[in-house]
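As the structure is a prediction and not an experimental result, all values here were calculated from the model. Below, chain A is the first sequence line, B the second, and so on; all start at residue 1. Keep in mind that the numbers below use all heavy atoms, side chains included, and drop hydrogens, waters and symmetry copies.
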Amino acid sequence: MIKVDGRKRIVKARIILFQDKMLGWFGVFGRHHLPWRQEGLSSYEIVIAEVLLQRTKAETVEKFHALFLETFPSWEAIAKADNSFIEQQLQPVGLYRQRAKRLKDLALEMVGREGRFPSDRKSLEQIPFLGQYIVNAIELQLFNKPRPLIDVNMTRVLERYFEERQLADIRCDPYLQSLAFRVINHPRSKEINWAILDFAASICKARVPLCTSCLLADTCTFYKKNLF
DNA sequence: TTCCCGCGGA
DNA sequence: TCCGCAGGAA
């Protein structure tokens with residue numbers, strides 16, 4: 001590692017090694033079947049998936065999201081539905097009261113915009129329910145820009161393999177933000193993002209990481225420190 | 001910083 | 001039982 005601006009900067013070769021390993025792993029073990037990763041989805045379908053995925057396991061959303069899209073096929077359908085009905089439909093995935101209210105606000109806004117998302121980041125962040133994560137997800141998936149999907153899972157993987165963050169809030173940590181961007185800044189940005197999320201869910205798990213079946217263990221900071 | 005919430009795995 | 005989960009807003 002090299003010191004830059006008083007902080008250790010991870011060398012490029014280590015980033016490239018991580019990217020290559022992740023892409024290789026993703027080809028074999030990635031969750032390619034997840035419905036919101038298929039080609040040709042509308043912006044509505046993509047954003048609804050992100051809304052449902054908040055603090056909710058992908059496996060849970062997977063079983064639920066087709067039914068939800070059937071019930072609410074468009075922003076208009078949500079915008080004109082009763083709040084109590086939206087709550088009722090969201091109940092199986094939890095966080096249903098908050099989600100229903102915010103989703104309705106978002107739907108009303110999107111009806112006013114005729115379903116089109118603005119392409120600049122500042123305008124996106126003005127729209128209700130669109131925080132840093134979902135804005136990144138929109139830029140990544142709708143506008144094909146390299147953007148990191150920094151959630152607790154990606155954070156855990158990056159902290160274990162590279163180095164721990166400085167701040168409690170992952171959205172405000174400049175080290176984590178810049179590291180994540182370097183890692184996903186690649187022609188196959190979308191796949192690397194998904195690879196890290198899948199890898200976090202099935203190998204680099206929060207409670208019991210499966211280091212013995214991890215292809216990155218030999219170069220992993222966390223593994224070396226804990227000597228599994 | 002805290003709350004929101006049901007689900008599934010350990 | 002308990003813990004953690006593709007976050008955002010107050």
Original post:
Taking the nucleotide of DNA chain C with the closest heavy atom to each, which residue, A:Arg156 or A:Gln54, is nearer the 5' end?
Top reply: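 Looking at DNA chain C, the more 5' nearest nucleotide goes with A:Arg156.
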Original post:
A:Phe129 or A:Lys57: which one's nearest nucleotide on DNA chain C is closer to the 5' end?
Top reply: A:Lys57
Check every strand shown and say whether [X] touches a base, only sugar-phosphate, or nothing at a heavy-atom separation below 4.0 Å.
X: A:Arg37; result: base
X: A:Val152; result: sugar-phosphate
X: A:Ile134; result: sugar-phosphate
X: A:Gln132; result: sugar-phosphate

How about [X] and [Y]: do any of their side-chain heavy atoms sit closer than 4.5 Å?
X: A:Leu95; Y: A:Leu90; result: no
X: A:Gln132; Y: A:Gln177; result: yes
X: A:Tyr44; Y: A:Pro73; result: no

Original post:
So which one's nearest nucleotide on DNA chain B is more toward 5', A:Lys205 or A:Pro92?
Top reply: A:Pro92
Original post:
Does A:Arg55 or A:Val208 map to a spot on DNA chain B nearer the 5' end, using the closest nucleotide for each?
Top reply: A:Arg55
Original post:
What is the minimum heavy-atom distance between A:Arg31 and A:Leu197, and which atoms define it?
Top reply: NH2-O, 3.8 Å
**OP:** For A:Ile46 and A:Leu41, work out which heavy atoms get closest and say how close.
**Re:**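 So the minimum-distance heavy-atom pair works out to CG1-CB, 3.9 Å.
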Original post:
Does any residue of residues 94-103 of chain A have a heavy atom under 4.0 Å from DNA chain B, and if so, which ones, in number order?
Top reply: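 Nucleic-acid contacts, sorted: A:Gly94, A:Leu95, A:Tyr96, A:Arg97, A:Gln98.
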With rounding to whole Å, what would you report as the distance between [N] and [M] at their [atom1] atoms?
N: C:dA6; M: B:dT1; atom1: P; result: 23 Å
N: C:dG8; M: B:dC7; atom1: P; result: 23 Å
N: B:dT2; M: C:dG4; atom1: P; result: 16 Å

**OP:** Give the C-alpha distance, both sets of side-chain angles, the deciding distance and a yes or no for side-chain contact (heavy atoms from CB on, under 4.5 Å) between A:Val93 and A:Phe68.
**Re:** CA-CA 11 Å; A:Val93 286; A:Phe68 188 87; over 6 Å; no
Original post:
Can you tell which of A:Ile10, A:Leu23, A:Val157 makes a side-chain contact (heavy atoms from CB on, under 4.5 Å) with A:Phe18?
Top reply: A:Val157
Whole-Å distance between [N] [atom2] and [X] [atom1]?
X: A:Gln89; N: B:dG6; atom1: CD; atom2: P; value: 15 Å
X: A:Leu210; N: B:dG9; atom1: CG; atom2: C1'; value: 13 Å
X: A:Leu67; N: B:dG6; atom1: CG; atom2: C1'; value: 16 Å

Subject >> Six-ring centre of A:Tyr161, A:Arg14 cation under 6.0 angstrom, axis tolerance 45° >> reply: yes
**OP:** Using the heavy-atom set of chain A and a strict 4.0 Å cut-off, write down the first and last nucleotide of DNA chain C that makes it in, 5' to 3'.
**Re:** C:dC3 to C:dA9
Original post:
Quick one: do A:Glu114 and A:Arg116 make a salt bridge, cutoff under 4.0 Å?
Top reply: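 Between A:Arg116 and A:Glu114 there is a salt bridge, with a charged N closer than 4.0 Å to a carboxylate O.
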